[in-house]
Each structure stands twice: as C-alpha cells, then as structure tokens.
Number of protein chains: 2
Amino acid sequence: MKPTVHDIASRAGVSLATVDRVLNRRPGVSARTREKVDLAVSELGFVRDVAAANLAKGRTYPLTFLIPSNDNSFMRGLRLALDEAGERAGVERIAIRLVDVPAFDAAALATALRDAAAEQPAGIAFVAVDAPDVAAAAAEVVSAGIPLVTLVSDLSGAERDHYAGIDNAAAGRTAASLLGRFVGGRRGKVAVLAGSMLVRDHRERCEAFASVITSDFAGLDLLPVSEGRDDPDVVERLVSALFVGHSDIVALYSLGAGNRGLVRALERVPRENRPVVIAHELTETTRGALQSGLFDAVLNQDAGHEVRSAIRVLKAKADGLPVVAAQERIRIDIFLKDNLP
Amino acid sequence: MKPTVHDIASRAGVSLATVDRVLNRRPGVSARTREKVDLAVSELGFVRDVAAANLAKGRTYPLTFLIPSNDNSFMRGLRLALDEAGERAGVERIAIRLVDVPAFDAAALATALRDAAAEQPAGIAFVAVDAPDVAAAAAEVVSAGIPLVTLVSDLSGAERDHYAGIDNAAAGRTAASLLGRFVGGRRGKVAVLAGSMLVRDHRERCEAFASVITSDFAGLDLLPVSEGRDDPDVVERLVSALFVGHSDIVALYSLGAGNRGLVRALERVPRENRPVVIAHELTETTRGALQSGLFDAVLNQDAGHEVRSAIRVLKAKADGLPVVAAQERIRIDIFLKDNLP
DNA sequence: CTGAAAGCGCTTACAG
DNA sequence: CTGAAAGCGCTTACAG
C-alpha cells in the first residue's frame with residue numbers, strides 16, 4: 001500500500017499537523033522534528049496525494065488571460081479553448097478571467113498587464129507584443145511574485161516564467177523547405193505576408209523563412225515583406241497589388257492571419273499563374289483552400305494545447321512545482337489536403 | 001459555491017447514501033425518491049467531484065498492455081511511455097501490467113488476450129494483428145465486459161471499444177503527396193517497404209499511398225511491396241537487392257520499422273542515385289537520416305500520446321463514461337530536418 | 001513548537 | 001427502500 005501522512009506521523013512519532021507542516025515547508029517546527037519527519041518520508045517513499053491535498057485545501061487558482069481583441073479565426077479558436085478550459089474549471093480548481101486587449105498595441109497591453117496584476121491572480125497569461133513597455137510591465141508582474149506565461153507570441157528577454165507556443169523559427173524554416181521543394185526547381189519571386197513585425201512570432205517566422213530560402217533555394221528571390229495587420233481586407237489589397245506589380249511570383253508564404261483576404265485575392269489570379277502557397281493556422285478558410293488546391297500546406301498550432309499547457313504551467317508555478325519541459329513543448333502541425341483532421 | 005452532495009441531500013430531503021445511490025445509478029431506490037434527487041441535481045446544476053469520489057472509493061484500475069516483443073525503436077518508445085505512465089500510477093490510480101507477445105503472431109496474441117482477460121483487469125490495450133483468431137479472442141474479451149482498446153494498429157470489424165492510434169490511410173496519402181512533390185516531376189520507380197501486410201496499420205498506409213501515387217503522379221511507377229518484418233537486417237538485404245535490380249528508383253517509402261537497415265543500404269547507393277525517402281517514426285536513426293539528408297521527411301506518431309489516450313479511454317470505459325473523440329484523436333507528426341524537436 | 005479534532009466532497013458497509 | 005456514521009488522504013483553525 002502507498003504510505004500516507006498517517007504512516008509518516010506514526011513512524012516519526014509526531015502528529016498529522018506536524019507532518020503537514022514539514023511536508024509543506026511551513027515554519028514553526030524544530031530542526032529535530034523536521035529531520036525525523038523527513039527521514040520517515042524518505043524511508044517510506046512517501047508521495048503526497050495532490051488530489052486529496054487540493055480537496056482539503058479547497059484551493060482554487062484565479063487565472064487571468066489577456067487576449068488580443070483581434071477578430072480572426074485563430075484568436076476565436078483561442079477564446080473557444082479558454083471557454084472549454086473554463087468548463088473544466090471545477091475539476092481543475094481554476095477560475096479563468098478573460099481580458100480583451102487591443103491588438104498590436106504595446107501601451108494598452110502594458111496597462112492591461114498592470115491592471116491584471118493588481119487583482120493578485122494566481123497567474124497571468126498573455127499574447128505578447130514584443131516592446132519595451134510590455135517588457136517593463138511584465139518584469140513588474142514577475143517581481144510581484146505572480147507567475148507569468150506568454151502565449152502564442154513570446155517576449156524577448158527573460159521577463160516571464162514560460163512561453164506556451166510553437167518554435168516560430170522552426171515553423172519558418174519548415175515553411176521554407178516545403179515551399180522550396182514544392183516549387184520544384186522553377187525560378188521566380190517569393191512573396192511574404194505577415195501580420196506585423198511588432199510581434200515576435202511573425203518576426204521569427206519571417207527571418208527563419210528568409211534565411212532558408214536564401215541559403216537553400218538559389219532560384220527563388222524574396223520580395224519585401226508585406227504587413228497585412230492580420231486583417232482580411234488589408235491582406236486582399238496587398239496581395240492583389242503584389243500580383244499586379246510582379247508577373248513572376250511562384251510562391252507565397254502567409255505567416256500571419258487574415259487568410260480570407262488572401263483567398264479572395266488568389267482566386268482572381270489566373271489558374272496557370274497561381275503560386276505555391278503555405279499559410280498558418282488551420283481554420284475553415286485555410287481548410288477550404290487546402291481542399292480546393294489553392295493552398296499547398298498549412299502549418300498549425302493547436303490553441304487548445306497552448307491554453308491547457310499555459311494553465312498547467314501557471315498552476316505549477318503558483319505551487320512552486322517544476323514544469324516538465326518536454327511535456328509542455330507545443331508542436332507544429334503540418335497539414336496537407338491529405339491529412340486534414 | 002459549487003453544490004455538493006450535501007446540498008442535493010438537503011434539497012431533496014434524503015440522506016447522503018441515497019443521493020449517492022441515485023448519482024451512481026445503483027439499484028434499491030424508489031422511483032419517487034430517485035425523481036426527487038434527479039430534480040435537485042438538475043435544479044442546482046450539480047457536478048460530481050471526480051477526485052473526491054476516487055479518493056473515497058480508493059479505486060484503482062488494473063490495466064494490462066500487450067506489446068509485441070519486437071525490438072525496434074518505436075516499440076521501445078512505447079515501453080518507455082508505459083513506464084512513464086506507471087510512474088504517475090499513484091496519482092492516476094492505475095496499475096499497469098505489461099505483457100510481451102511475439103510480434104506478428106496472431107495465435108500467440110489471441111492466447112495472450114484470453115490470459116489477460118482471465119485476470120479480470122479494468123481494461124486491456126493491445127497492438128492488434130489483424131487476423132480472425134485475434135478478432136475472436138477480442139470479441140470474447142469485450143463480451144466479458146472488459147474494456148478493450150487497440151493501440152497503434154487496429155483490428156478490422158468492431159471487436160474493440162476504441163482505437164488509440166493515427167489514421168494510417170491519411171498517413172499513407174500524406175507520404176504520397178510529399179514524396180510525389182519532392183520528386184518534382186522526374187519519372188521513375190517508387191519502392192515501398194513494409195513490415196508485414198498482416199498488420200492493419202501497414203496495410204492501410206500502403207494502400208492509401210499507392211492510390212495517391214497512381215492517381216496524382218503519372219510519372220511514378222510503383223514497385224511491388226517488400227516486407228522487411230520490421231527487422232533491420234532483412235530490410236537492408238531487401239533494399240540492397242532493390243537497387244541492384246532497378247536503376248531508376250527515384251523514391252522510397254518506408255512505412256514500417258527497421259530503418260537502421262534502410263540507412264545502411266542507402267549509404268551504399270551512390271549519392272547521385274539516392275532516392276527521395278519518407279519513413280515512419282522519429283527515432284535516433286531516422287532523426288540522423290533527416291539531418292544528414294538521407295531521408296526527406298519522417299511521419300511520426302507520439303507513443304506517449306497513444307499510451308495516455310489509451311489509459312484515459314480505458315478508465316472512462318471502465319466507469320461507463322463517454323470519451324471525447326476529438327480529444328483522443330492521435331495526430332500525425334510530420335518532421336523535416338527543419339522542425340526536429 | 002506541537003497536537004486533537006473537524007472538515008474538504010464523496011462512498012461504503014452496516015443497521016434498520 | 002433508507003439513513004447514520006465512518007473513512008479516503010490531506011489541511012486547517014484552535015488550543016495548549
């Protein structure tokens with residue numbers, strides 16, 4: 001049988017309350033008593049039953065999530081994932097508060113971070129805009145002892161406890177390799193479409209993509225990055241202009257959101273001139289574009305995984321527990337028309 | 001505050017014991033009492049605290065896993081994942097028993113299934129050999145009321161409760177699409193290397209692969225499937241023979257295990273004649289081959305996910321709870337040299 | 001610095 | 001068919 005606190009208590013010759021004090025490193029125990037309990041713990045190989053402890057504590061974790069009020073499918077998916085997490089709130093002993101913040105707005109995000117911290121939640125997760133304002137606010141949160149996790153897009157420097165998102169450099173490299181090989185030796189221009197170079201995930205994808213294209217695919221020539229603000233209408237205009245301005249675009253990498261606009265623009269490009277297209281995030285739009293052959297591949301991050309990972313990490317940090325890095329790694333999904341879920 | 005059994009009891013005007021009986025659909029409650037309790041439950045929106053219930057029950061789930069004693073990296077990974085699951089056994093209230101069975105041996109597997117069932121575990125998971133013997137044994141297990149899950153490779157027909165593994169047809173199609181596009185318009189032969197057509201995962205990958213190659217890539221010509229028994233030495237011999245017999249192999253799909261042998265054989269093929277290669281399962285061998293450029297892509301299934309999913313499903317079935325299909329879907333990872341974890 | 005007792009939300013004999 | 005009481009493994013006031 002697994003040993004319990006009772007076994008520890010009787011073996012160490014102390015009361016349950018004292019065992020609990022030692023186990024939870026609470027003060028007010030003599031060194032000698034502490035030693036006796038520690039000895040019993042290691043001799044019996046005691047492992048605390050976390051579920052029972054939580055039941056007794058009646059502990060809940062108020063968690064705050066700051067999400068850009070950007071209306072794209074990915075952010076909607078993130079909200080959905082948060083709602084689903086909220087439904088399991090009882091079992092998980094969490095209470096999720098969702099705060100909307102304007103997209104790509106460093107000042108607003110910094111303010112929102114400080115406001116969230118003022119409420120003293122058990123942890124905060126936020127989609128970072130990578131700017132000094134935000135870094136300063138994040139540093140305040142961390143030094144106030146509130147666990148802080150970046151979600152989807154990271155913050156440069158070390159002003160947070162954990163990043164729950166994909167390796168965006170790897171995503172950019174993967175996109176480049178696939179795109180380069182799909183082009184299959186033809187020569188021409190490659191268009192790159194981002195949301196904003198202000199967010200680190202887009203910047204990292206972009207740089208890694210460009211670096212692999214430049215080094216591995218001599219026949220391909222990169223056009224300057226277009227910033228579509230993740231807005232379908234802006235994206236549509238930008239892409240249309242690109243195809244008017246260049247007759248030799250053989251491939252396009254859409255590393256941000258707003259793909260509805262991209263699809264509309266591409267549909268107006270004569271079939272024989274359509275480029276190889278790789279985009280991010282599996283949504284209704286990108287799924288349809290894969291199926292119709294308009295897109296060739298879609299890289300995806302699972303919003304549900306990211307949210308669940310952020311929650312696990314915040315809870316662990318709140319309890320001072322270690323996180324299992326390997327388990328929290330968010331993988332890059334690659335979808336072709338052939339492996340759509 | 002979340003309502004508890006106490007709230008239900010007082011609202012319905014009955015005792016805790018009766019509430020428990022109704023909640024767990026145990027017999028010996030009058031229809032009228034049952035109704036009162038059900039009413040209180042729905043009025044208060046009561047949701048049972050599973051952790052507390054498990055604590056009270058002291059319930060543990062003895063689970064039996066039948067794993068082929070095949071010595072390849074994937075099966076080793078599966079064992080490792082089972083060991084890790086075993087370490088969380090206390091928290092999860094499971095006790096995992098691992099049984100070795102000879103690989104690709106239907107009769108031995110059928111016997112092992114019956115033996116495992118005789119011990120009345122809370123559930124059984126097994127890597128299926130798709131044969132009538134096995135199906136018959138599986139049907140017996142299921143009709144004995146023991147939850148049964150196939151792992152990695154499925155059983156034809158409905159003689160199990162759940163399949164914890166990837167969509168192998170999708171994997172085969174994906175391999176074909178990638179491989180066809182990577183070949184990039186060249187013409188030639190495509191070699192296919194399987195473990196055994198006796199296991200359904202290999203057969204499904206193979207058929208789906210062949211079908212996409214045939215329909216989408218007119219310049220590619222499929223060679224007959226070679227069966228390497230997932231054994232590196234057999235694989236090495238088969239592949240060497242293939243390259244002696246054919247001078248125009250432009251691509252190779254290795255859909256089983258034994259890739260150490262494949263690597264050895266490919267290294268002897270002159271660099272300029274080396275084919276596009278897509279293999280399965282990320283191991284030390286396939287990772288190295290990706291990095292060195294010998295392989296072009298590796299499709300992977302995460303053994304850890306499969307094991308954890310199988311455990312969740314077996315526990316749910318044991319408790320008569322529904323499983324969330326979407327959450328249990330095992331995804332196909334696609335690795336290039338650019339996105340290795 | 002230490003302990004006895006009650007309680008977290010559920011389940012289980014046992015008695016009636 | 002129904003209920004009172006004890007218990008799962010831990011934590012928390014409270015008293016000393």
Side-chain angles (χ1 to χ4, degrees), chain A residues 1-38 40-41 44-61 88-94 318-321, chain B residues 1-38 40-41 44-61 88-95 315 318-321:
Chain A
M1 263 339 260
K2 269 201 333 159
T4 73
V5 278
H6 290 97
D7 302 317
I8 304 298
S10 63
R11 174 116 183 178
V14 299
S15 74
L16 286 180
T18 296
V19 170
D20 190 68
R21 288 186 187 100
V22 176
L23 250 29
N24 292 291
R25 328 219 149 283
R26 274 191 277 272
V29 183
S30 75
R32 222 179 105 32
T33 307
R34 191 174 292 280
E35 274 165 31
K36 281 193 299 184
V37 173
D38 282 336
V41 165
L44 297 181
F46 171 80
V47 181
R48 182 152 138 274
D49 182 331
V50 184
N54 281 336
L55 175 60
K57 281 199 282 227
R59 153 138 216 191
T60 61
Y61 305 76
R88 295 186 315 272
V91 193
E92 305 259 0
R93 306 188 161 269
I94 55 177
D319 289 338
L321 264 37
Chain B
M1 264 337 262
K2 271 200 333 161
T4 72
V5 279
H6 290 96
D7 302 317
I8 303 299
S10 63
R11 175 114 182 179
V14 300
S15 73
L16 287 180
T18 296
V19 171
D20 190 69
R21 286 186 189 101
V22 175
L23 251 28
N24 293 291
R25 327 216 149 286
R26 273 190 278 273
V29 183
S30 75
R32 223 178 104 32
T33 307
R34 188 173 294 279
E35 273 166 31
K36 282 193 297 184
V37 173
D38 281 336
V41 164
L44 297 180
F46 171 80
V47 182
R48 183 150 137 275
D49 181 332
V50 184
N54 281 336
L55 175 59
K57 280 197 283 224
R59 154 139 216 191
T60 60
Y61 304 77
R88 296 186 314 274
V91 192
E92 306 259 0
R93 307 188 160 270
I94 55 176
K315 283 174 74 174
D319 288 339
L321 263 38

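The structure presented is a predicted model; accordingly, all values stated were derived computationally and were not measured. Sequence lines set the chain letters: A, B, ... in the order given, protein chains first and strands last, and positions in each chain run from 1.
- What separates CG of B/Leu55 from C1' of D/dT11 is a distance of 13 Å, to the nearest Å.
- A/Asp20 places its CG atom 5 Å from the C1' atom of D/dT11, with the value rounded to the nearest Å.
- Atom CD1 of A/Ile8 and atom OG1 of A/Thr18 lie 13.0 Å apart (nearest 0.5 Å).
- Across all strands shown, B/Ala17 has heavy atoms under 4.0 Å from base atoms, whether or not it also approaches the sugar-phosphate.
- Among the nucleotides D/dT11, C/dT11, C/dG3, the one closest to any side-chain atom of B/Ala53 is C/dT11.
- The line from NZ of B/Lys57 to CG of B/Asn24 is 6.0 Å long, rounded to the nearest 0.5 Å.
- Nearest to the side-chain atoms of A/Thr4 among the listed nucleotides D/dT11, C/dG9, D/dC10 stands D/dC10.
- Rounded to whole Å, the distance from CD1 on A/Ile8 to C1' on C/dT2 is 18 Å.
- Phosphate contact (OP1/OP2 of C/dC1, side-chain N/O of A/Thr33, threshold under 4.0 Å): absent.
- Rounded to the nearest 0.5 Å, atoms CZ (A/Arg34) and CG (A/Leu23) are 10.5 Å apart.
- Heavy atoms of B/Val14 sit under 4.0 angstrom from primed sugar atoms or phosphate atoms, though from no base atom.
- Remark: P of C/dC10 and CG of A/Asn54 are 15 Å apart, rounded to the nearest angstrom.
- Using a 4.0 Å heavy-atom cutoff across all strands shown, B/Asn24 reaches sugar-phosphate atoms only and no base atom.
- Heavy atoms of B/Gly58 sit nowhere under 4.0 angstrom from any nucleic acid atom.
- Of the candidates D/dC1, C/dT11, D/dG9, the closest approach to any side-chain atom of B/Ser30 belongs to D/dC1.
- Remark: DNA chain D forms stems of 3 or more consecutive Watson-Crick or G-U wobble pairs, all pair distances under 3.5 Å, at C:1-3 with D:14-16, C:5-12 with D:5-12, C:14-16 with D:1-3.
- One can place NZ of A/Lys36 at 13 Å from C1' of C/dG3, the figure rounded to the nearest angstrom.
- Nearest to the side-chain atoms of B/Phe46 among the listed nucleotides C/dT12, C/dC10, C/dG9 stands C/dC10.
- Comparing B/Val29 and B/Ala56 by the nucleotide of DNA chain D whose heavy atom lies nearest to each, the residue mapping closer to the 5' end is B/Val29.
- Side-chain atoms of A/Val47 and A/Lys2, non-hydrogen and from C-beta on, never get closer than 4.5 Å to each other.
- Distances shorter than 4.0 Å separate some side-chain N or O of A/Arg48 from OP1 or OP2 on D/dT11.
- Side-chain N/O atoms of B/Thr18 include none lying less than 4.0 angstrom from OP1 or OP2 on D/dT2.
- Of the listed nucleotides (C/dC10, D/dC8, D/dA4), C/dC10 has the atom at the smallest distance from the side chain of B/His6.
- A/Val5 comes within 4.0 angstrom of a base, heavy atoms only.
- A distance of 9.5 Å separates CG in B/Asp49 from CG in B/Leu55, rounded to the nearest 0.5 Å.
- With contacts defined as side-chain heavy-atom distances shorter than 4.5 Å, the pair B/Asn54/B/Tyr61 qualifies.
- Put simply, CG on B/Leu16 is 14 Å from P on D/dA6, counting in whole angstrom units.
- Taking OG1 of B/Thr4 as the start and CZ of B/Arg48 as the end, the distance is 13.5 Å to the nearest 0.5 Å.
- For the pair A/Arg26 and D/dT12, the criterion of a side-chain N or O lying under 4.0 Å from OP1 or OP2 is met.
- The NZ atom of A/Lys2 sits 11 Å away from the C1' atom of D/dC8 (whole-angstrom rounding).
- Nearest heavy-atom pair, B/Val37 versus B/Val19, reported as atom, atom and distance to 0.1 Å: CG1-CA, 4.4 Å.
- When all heavy atoms of A/Ala40 and A/Arg11 are compared, the pair lying nearest together is CB-CG, 3.7 Å.
- The nucleotide whose nearest atom lies closest to any side-chain atom of B/Asp49 is, among C/dA13, D/dC10, C/dC10, C/dC10.
- Under 4.0 angstrom from either OP1 or OP2 of C/dG3 there lies no side-chain N or O belonging to A/Arg21.
- In this structure, of D/dC10, C/dA4, C/dT11, it is C/dA4 that holds the atom nearest to the side chain of A/Ser15.
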